[in-house]
K.L.:
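Let me give you the structure first, and then I'll get to my questions.
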Amino acid sequence: MTSPVPQQRNYLDELNNIQRQAATQIDGPVLVVAGPGSGKTRVLTYRIAHMIQSGMAPWEIMALTFTNKSAKEMKERITKVVGPRGERVWAGTFHSLFAKILRVEAEHIGYPSNFTIYDSDDTKSVVTAIINEMNLNKEQYNANTIKSRISSCKSNLITPKMYVTRADMMEDDKAAKRPFFHQIYEKYVARCKRSGAMDFDDLLFRLYELFQNHPAVTNKYRQKFKYLMVDEFQDTNHLQYSIVKKFISYEGSPRNICVVGDDAQSIYAFRGATIQNILDYENDFKPHGIRIFKLEQNYRSTEHIVQAANEVISFNRNQIQKTIFSDKGEGQRIRVIRAITDSEEGKRVADAIMEQKNRWHLANKEIAILYRTNAQSRVFEEWMRHYNVQYRVYGGMSFYQRKEVKDLIAYLRLAINQQDDEALRRVINYPKRAIGGTTIDKIAATADSHSMPMWKVLTQVDFPARTRSAIDHFVAMIKDFSEKAKSHDAHVVAEYIARRSGLMDELKQDTTVEGIQRLDNITSLLDGIKTFVENDVVEDFGFGIADSGLEDAPNPQSGIRNPESAMDKSLAAYLQNIALMTDQDDQTKEGDYVTLMSVHSAKGLEFKSVFITGLEEQLFPSFMSFDTPEGLDEERRLFYVAITRAEQFLTLSYAASRYRFGQERSNPPSRFLDEINMAHLDASSPIGSRSAAPAGKFERAHAHAAPDGWFRTIKKRRDGQLQAPWPAAGGGAAH
DNA sequence: GAAGTGATGTTTTTT
DNA sequence: ACATCACTTC
């Protein structure tokens with residue numbers, strides 16, 4: 001933000017022909033099919049910049065993303081082109097932008113505007129509580145299964161009421177021995193409602209309902225947002241697309257919408273994402289003159305890498321036809337490392353990294369080690385430490401998921417919304433204040449039978465004298481916190497609460513290494529709140545202040561119209577801010593580290609050198625994916641995503657045996673290895689040495705001794721062609 | 001109400 | 001291997 005004056009250089013010159021067409025086709029529905037490394041983000045941001053340069057108001061543009069990180073990046077890049085007003089584009093995640101709208105419109109759907117957002121842990125805990133209270137068998141009613149089934153209901157617009165009318169789903173439940181699912185679902189929804197809480201799916205679902213039932217409200221937003229953009233469209237679920245259509249499809253709408261996606265990079269089907277949305281989109285908007293642009297040139301990777309990716313993905317059954325190409329030259333061949341054990345895999349990958357660092361002068365941050373499951377990170381960490389290479393592991397337990405952090409946040413949440421049952425459960429007896437399980441169960445049961453929040457029960461129901469006094473004490477304390485929160489900034493209140501709740505004292509008792517770590521985490525949380533209070537980031541979306549002219553209800557929490565407008569330093573504002581945050585977002589710490597992460601987390605990133613590890617059957621592809629052909633296709637897309645992260649160097653590794661679930665197991669190399677033509681592989685690659693029968697889609701025709709002596713199989717592809725997995729004689733190595 | 005013991009089930013996870 | 005959790009025992 002050095003120059004407030006918009007730069008006048010012609011940003012459109014930085015786009016190729018198709019990219020420019022996609023960026024400048026503003027009116028009417030647009031679909032951009034964007035291969036990996038094809039400059040998708042560039043098109044999106046320049047498109048928005050172009051709109052603003054042509055005189056549109058930034059706050060009339062809504063750009064929906066999946067991560068806070070990509071929203072932030074998009075805003076930064078827009079701002080670079082058009083100046084500070086780029087900040088005022090409504091760019092954010094589905095969840096965060098919809099939460100903002102819902103806070104303003106909460107009254108219409110019977111929610112308080114300071115509603116709590118339940119994270120996955122809260123959701124699971126509500127489900128568990130319901131299962132327990134209903135005395136249901138915990139094996140037949142697995143909390144995680146129930147939770148994801150509820151999520152999938154919401155994602156497919158099935159309310160509890162509709163659920164009982166769905167014969168197919170009720171039959172499913174009967175067959176799966178969980179006939180009471182619909183009751184759990186119904187109770188779950190009711191309980192969130194009475195707790196003044198929304199789970200992640202509610203942030204979408206409630207908005208859909210709002211739009212469904214309140215045409216006047218819907219119209220207001222249709223008028224406000226004149227242009228709608230959706231990034232990573234292949235990862236949207238049915239509900240998300242339905243909301244998008246609510247915004248854009250109505251009588252007389254100009255249907256100014258642009259979605260960007262790549263069906264080949266859809267890797268979240270297990271969470272309800274469906275590429276059907278892309279196909280539906282095409283059909284839904286065909287009558288309205290949809291324009292489709294395919295970005296097929298890859299600017300990221302060299303040819304061996306791009307072609308290998310193309311070959312792999314060609315084994316999938318359904319896809320939008322496109323040919324990704326690169327003009328970066330052949331580049332290095334792909335190297336394959338075979339190891340005996342997982343530990344040896346760690347060593348050989350580390351060796352290869354050292355070699356690359358020496359030979360090509362790669363910095364640590366240009367290198368990534370990717371794996372299918374987070375559990376695989378350990379051996380790599382060990383070897384990185386052994387060679388003294390700086391590394392950073394992503395994923396795993398996030399800061400906000402740590403027990404002590406959640407405990408303090410639960411107190412903060414309770415100070416803002418006493419209806420929040422999950423927060424109350426969490427802290428009512430922590431630190432210990434003699435309110436035990438029996439009492440809590442009684443409170444919960446009473447709350448349930450009267451359909452009221454547990455907090456109300458505390459003050460209204462009879463308890464034995466000792467319990468009564470403990471509860472009164474707790475109630476008085478929370479009321480005190482709540483009062484404090486009304487008149488002080490978030491940091492002052494949080495420090496006060498951390499001390500007065502007894503949480504700090506409790507943690508100070510524990511002098512073990514872990515205990516000290518926990519206290520540290522509380523300190524960093526408090527530091528984070530301090531930063532929030534001191535930071536003068538103006539996050540105004542042009543809603544309610546000067547620009548939009550729309551009449552909005554003021555936010556009762558802060559008295560300011562926009563819940564997140566300038567300078568709201570209240571605790572409520574802070575909680576709203578962090579509810580949808582994940583670690584990845586504030587990992588701003590720059591440094592020269594080798595990146596260790598799951599393939600899923602690597603999506604959208606790129607590295608000069610990439611190691612894809614654990615390429616064995618049962619692991620990658622995962623044993624969980626074998627039931628269905630769709631499952632395998634998704635694993636293959638995942639492999640495709642992994643390959644296409646690499647710019648110049650790609651190394652694939654597998655181990656003949658590894659420790660898994662405490663036992664040593666052997667698995668043949670991944671079928672995916674065989675799907676890459678040998679022409680792209682380094683001559684030293686130990687491919688096709690599998691001893692067990694391959695479980696791939698192709699039949700094994702004959703076993704052949706390859707020119708280099710490795711024993712391989714000839715594959716018969718779906719098109720019936722036989723394909724030898726090694727290059728013709730003479731097609732030697734690159735070096 | 002706490003602390004100890006044995007059985008159990010393991011992917012990925014933007015929000 | 002490891003964490004979680006139901007259940008026992010004090």
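Computation of the quantities below employed the complete heavy-atom set of this structure, encompassing side-chain atoms and omitting hydrogens, waters and symmetry-equivalent molecules. Numbered from 1 within each chain, the chains take letters A, B, ... in sequence-line order.
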K.L.:
Choose from dT15(B), dT14(B), dT13(B) the nucleotide whose nearest atom is closest to any side-chain atom of Ser601(A).
P.N.:
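Closest nucleotide to the Ser601(A) side chain: dT13(B).
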
K.L.:
Could you run down the sub-3.5 Å N/O contacts of the protein with nucleotides 8-10 of chain C?
P.N.:
none

K.L.:
Quick check for you: among dT14(B), dT11(B), dT15(B), whose closest atom lies nearest to any side-chain atom of Ser622(A)?
P.N.:
dT11(B)

K.L.:
Between dA2(B), dG1(B), dT13(B), which nucleotide has the shortest distance from any of its atoms to the side chain of Thr438(A)?
P.N.:
dG1(B)

K.L.:
Just the rounded figure in Å: distance from P of dT12(B) to CZ of Arg372(A).
P.N.:
7 Å

K.L.:
Aromatic contact between Tyr593(A) and Tyr391(A), with the criterion being ring centroids under 6.0 Å apart: yes or no?
P.N.:
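When the ring centroids of Tyr593(A) and Tyr391(A) are compared, they turn out to be at least 6.0 Å apart.
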
K.L.:
Between dT4(C) atom C1' and Asp121(A) atom CG, what is the distance in whole Å?
P.N.:
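To the nearest whole Å, that distance equals 13 Å.
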
K.L.:
Rounded to whole angstroms, how far apart are CE on Met597(A) and C1' on dT13(B)?
P.N.:
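Checked: the CE to C1' distance equals 13 Å.
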
K.L.:
One pair to check against ring pair (Phe, Tyr, Trp, His ring centres under 6.0 Å): Tyr371(A) and Phe620(A). What are the steps and the verdict?
P.N.:
CA-CA 9 Å; Tyr371(A) 32 75; Phe620(A) 199 175; over 10 Å; no

K.L.:
Parallel under 30°, tilted from 30 to 60°, perpendicular over 60°: which one fits the rings of Tyr268(A) and Phe270(A)?
P.N.:
tilted

K.L.:
For the backbone of Ser469(A) and the side chain of Asp472(A), can you confirm whether one donor and one acceptor N or O come within less than 3.5 Å of each other?
P.N.:
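Not a single qualifying donor-acceptor pair exists.
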
K.L.:
Looking at Arg77(A), I'd like to know if its CZ atom is crowded, meaning that more than 12 non-hydrogen atoms belonging to other residues, nucleotides or ligands lie closer than 6.0 Å.
P.N.:
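Yes.
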
K.L.:
Starting at atom NE2 of His95(A), determine the distance to atom C1' of dT15(B), rounded to an integer number of angstrom.
P.N.:
4 Å

K.L.:
By salt bridge (charged side-chain N to carboxylate O under 4.0 Å, His left out), which residues pair with Glu606(A), not counting sequence neighbours?
P.N.:
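Expected list: Arg300(A).
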
K.L.:
If you assign Ser625(A) and Gly436(A) each to the DNA chain B nucleotide with the nearest heavy atom, which residue ends up on the more 5' nucleotide?
P.N.:
Gly436(A)

K.L.:
Categorize Lys603(A) for me: base, sugar-phosphate, or nothing, with a 4.0 angstrom heavy-atom threshold over every strand shown.
P.N.:
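Since no nucleic acid heavy atom lies under 4.0 Å of Lys603(A), the category is nothing.
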
K.L.:
Would you indicate which nucleotide in dT12(B), dT15(B), dT14(B) comes nearest to any side-chain atom of His600(A)?
P.N.:
dT12(B)

K.L.:
Rounded to whole Å, how long is the line connecting atom CD of Gln401(A) with atom P of dT14(B)?
P.N.:
9 Å

K.L.:
Please list, pair by pair, any protein nitrogen or oxygen found under 3.5 Å from a nitrogen or oxygen in nucleotides 6-10 of chain B.
P.N.:
none

K.L.:
Tell me whether Asp262(A) is salt-bridged to Lys40(A), with the criterion being a basic N under 4.0 Å from an acidic carboxylate O.
P.N.:
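Answer for the salt bridge query: no.
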
K.L.:
Assuming nearest nucleotide by heavy-atom distance, tell me which of Leu203(A) and Thr439(A) is located more 5' along DNA chain B.
P.N.:
Thr439(A)

K.L.:
Check the distance between dT13(B)'s P and Asn144(A)'s CG and give it to me in whole angstrom.
P.N.:
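Answer to the nearest Å: 15 Å.
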
K.L.:
How is Asn374(A) classified with respect to the nucleic acid when contacts are heavy atoms under 4.0 Å: base, sugar-phosphate, or nothing?
P.N.:
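If one applies the 4.0 Å heavy-atom cut-off, Asn374(A) turns out to touch the sugar-phosphate alone, with no base involved.
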
K.L.:
Counting side-chain heavy atoms from CB outward, which of dA1(C), dT15(B), dT12(B) is closest to Asn68(A)?
P.N.:
dT15(B)

K.L.:
Measure across Glu634(A) and Ile267(A) and return the closest heavy-atom pair with its distance rounded to 0.1 Å.
P.N.:
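Residues Glu634(A) and Ile267(A), closest heavy atoms: OE2-O, 3.0 Å.
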
K.L.:
Closest approach of Asp235(A) and Gln265(A), non-hydrogen atoms and distance?
P.N.:
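Result for this residue pair: OD1-O, 4.3 Å.
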
K.L.:
Between dA1(C), dT13(B), dG1(B), which one does the side chain of Tyr268(A) approach most closely?
P.N.:
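Between dA1(C), dT13(B), dG1(B), the one nearest the side chain of Tyr268(A) would be dT13(B).
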
K.L.:
Strictly by modelled atom types, are Thr65(A) and Asp231(A) linked by a side-chain donor-acceptor pair under 3.5 Å?
P.N.:
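On atom types as modelled, these side chains do not qualify, holding no pair under 3.5 Å.
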
K.L.:
Does a side-chain N or O from Arg378(A) land closer than 4.0 Å to OP1 or OP2 of dA1(C), or not?
P.N.:
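Negative; the distance criterion is not met.
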
K.L.:
What contact category does Arg637(A) fall into here, base, sugar-phosphate, or nothing, at under 4.0 angstrom with non-hydrogen atoms?
P.N.:
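Nothing: the residue Arg637(A), judged by heavy atoms under 4.0 Å, touches no strand.
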
K.L.:
Output yes when a side-chain donor or acceptor of Asn237(A) lies under 3.5 Å from a complementary backbone atom of Gly272(A), and no otherwise.
P.N.:
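No.
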
K.L.:
Expressed in angstrom and rounded to an integer, what is the separation of Lys432(A) atom NZ from dA3(B) atom C1'?
P.N.:
11 Å

K.L.:
Grab the CD-C1' distance between Glu634(A) and dT12(B) for me, whole Å please.
P.N.:
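Taking CD of Glu634(A) and C1' of dT12(B), I get 8 Å after rounding.
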
K.L.:
Starting the side chain at C-beta, find the nucleotide from dT13(B), dT12(B), dA1(C) nearest to Arg271(A).
P.N.:
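Ranking dT13(B), dT12(B), dA1(C) by closest atom to the Arg271(A) side chain puts dT13(B) first.
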
